[in-house]
Amino acid sequence: MIAPFYCELSEKYPSLMFLTVDVDELTEFSTTWDIKATPTFFFLRDGQQIDKLVGANKPELQKKITAILDSVTPHQK
């Protein structure tokens with residue numbers, strides 16, 4: 001349901017890295033990252049989790065991405 005929107009976001013924001021993981025195939029990953037529902041979106045900076053969103057909430061996903069972009073200094077973009 002949210003996959004096409006997620007794809008659009010990845011094209012709209014090429015300075016960010018967007019990844020998808022099949023948690024049914026990578027069960028150890030879902031355990032390690034404590035994924036209890038899908039979709040779950042993790043926001044990382046320098047290898048550290050800075051935010052998380054559980055559920056297919058398009059406006060909230062867009063809001064979190066915008067907030068992350070706004071928090072990046074110009075030389076990091």
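In this structure, NZ in Lys12 is found 9.0 Å from CD1 in Ile65, a value given to the nearest 0.5 Å. Atom OG in Ser10 sits 10.0 Å away from atom CG in Leu16 (nearest 0.5 Å). The CG atom of Leu44 lies 10.5 Å from the CG atom of Asp51; values are rounded to the nearest 0.5 Å.
Between Leu53 and Thr40, every side-chain heavy-atom pair lies at or beyond the 4.5 Å cut-off. Using a 4.5 Å cut-off on side-chain heavy atoms (C-beta onward), Glu8 and Gln62 make no contact. Here the side chains of Cys7 and Glu11 are in contact, with some heavy-atom distance below 4.5 Å. Phe42 is not listed as a side-chain neighbour of Leu19, based on a closest heavy-atom distance of 4.5 Å or more. Within the 4.5 Å cutoff, the side chain of Thr66 has heavy atoms near those of the Tyr13 side chain. In this structure the side chain of Leu61 never reaches within 4.5 angstrom of the side chain of Pro39, judged on heavy atoms.
Ring geometry for Tyr6 against Phe41 counts as tilted: the plane angle lies between 30° and 60°, on a 0 to 90° scale.
In the hydrophobic clustering of ILVMFWY residues, with side-chain heavy atoms under 4.5 Å counting as a link, Phe18 and Ile68 come out together. Cluster membership for Val54 and Ile35, using ILVMFWY side-chain heavy atoms within less than 4.5 angstrom, is not shared.
Pairing each heavy atom of Asp34 with each of Lys52, the nearest pair is O-NZ, 3.8 Å.
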Just distance, no hydrogens or angles: give the donor-acceptor pairs under 3.5 Å from side chains in residues 26-33, sequence neighbours left out.
{"residue": "Ser30", "atom": "OG", "partner": "Thr27", "partner atom": "O", "Å": "2.8"}
{"residue": "Thr31", "atom": "OG1", "partner": "Thr27", "partner atom": "O", "Å": "3.1"}
{"residue": "Thr32", "atom": "OG1", "partner": "Glu28", "partner atom": "O", "Å": "2.8"}

